[in-house]
Amino acid sequence: MPLATDPEEAGAIRLAIHASSSGLAEAQPRLRAFLDARGLPGGIADRAELLVEEVVMNVAMHGAEDAATAEVELLAEAGPDRCVLVFEDSGRAFDPTAGELKERPLSLADAEPGGLGLVLMRRLTRELAYQRLPEGRNRLRMVLL
């Protein structure tokens, strides 16, 4: 599904999020208000918020060349039973659809922090697609039902 040309008319919101915890904290209330206003069931809206946090913080911690200016552009389209999230950033290329998943630890003592973002992305979405755009940007598209 192509991106809407006029987000407001298409039931969408476009956000520019500074790739940081403070940038995320500023964007989350706007995103949640938009998702709630579109009539999404709480489970889909909750997953969308979690995935937005995962992507933005991964760009901040791993993808950004310059953390001070790193930004994630988000287009969120939502209807009564589905949400599409499209992220773009200018960080290092990384395809979350191709990365190897971390093995599940046998016990809590064996568990190490981190490394579960790919698991979240793959398990919480119906569709997950990545493109490295010709202008050197990452585009990640997620569909949640």
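Everything quoted here is computed from the prediction, not taken from an experiment.
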Rounded to the nearest 0.5 Å, what's the gap from [atom1] on [X] to [atom2] on [Y]? Could you check?
X      : Y      : atom1 : atom2 : answer
Ile44  : Asp81  : CD1   : CG    : 6.5 Å
Leu74  : Ile17  : CG    : CD1   : 5.0 Å
Arg126 : Leu145 : CZ    : CG    : 4.5 Å
Arg139 : Asp89  : CZ    : CG    : 11.5 Å
Glu77  : Arg14  : CD    : CZ    : 8.5 Å
Glu127 : Arg141 : CD    : CZ    : 5.5 Å

What heavy-atom pair brings [X] and [Y] nearest, and what distance separates the two atoms?
X      : Y      : answer
Thr125 : Met121 : OG1-O, 2.6 Å
Leu40  : Cys83  : CD1-CB, 3.9 Å
Ser20  : Val56  : N-CG1, 4.2 Å
Ala60  : Ala19  : CB-O, 3.0 Å
Ala78  : Phe34  : CB-CE2, 3.8 Å

Inset, instruction - Check whether any side-chain N or O of His18 sits under 3.5 Å from a backbone N or O of Val72 as a donor-acceptor pair, and report yes or no. - result: no
Legend entry - Arg30 side-chain N/O to Ile13 backbone N/O, donor-acceptor pair under 3.5 Å: no
Inset, instruction - Keeping to residues at least two apart or across chains, list the salt bridge (charged side-chain N to carboxylate O under 4.0 Å, His left out) pairs with something in residues 56-76. - result: Glu65-Arg92, Glu73-Arg137
Inset, instruction - Scan for salt bridge (charged side-chain N to carboxylate O under 4.0 Å, His left out) pairs involving residues 47-63, sequence neighbours excluded, and state none if there are none. - result: Arg32-Glu49
Please tabulate, for the side chains in residues 129-136, all donor-acceptor contacts under 3.5 angstrom to protein atoms that are two or more places apart in sequence or on a different chain.
unit_1 : atom_1 : unit_2 : atom_2 : d
Tyr130 : OH     : Phe94  : N      : 3.4
Tyr130 : OH     : Asn138 : OD1    : 2.4
Arg132 : NH1    : Gly91  : O      : 2.9
Arg132 : NH1    : Gly136 : O      : 3.3
Arg132 : NH1    : Asn138 : OD1    : 2.9
Arg132 : NH2    : Gly136 : O      : 3.1

Within-4.5 Å side-chain heavy-atom neighbours: [X] and [Y]:
X      : Y     : value
Leu24  : Met57 : yes
Phe87  : Val52 : yes
Leu144 : Leu51 : yes

Inset, instruction - Give the intermediate values and the outcome of side-chain contact (heavy atoms from CB on, under 4.5 Å) for residues Leu124 and Leu50. - result: CA-CA 9 Å; Leu124 297 182; Leu50 179 61; 3.7 Å; yes
Inset, instruction - Start with the C-alpha distance between Leu128 and Leu140, add both sets of side-chain angles, then the distance that settles side-chain contact (heavy atoms from CB on, under 4.5 Å), and finish with yes or no. - result: CA-CA 7 Å; Leu128 183 64; Leu140 182 62; 3.7 Å; yes
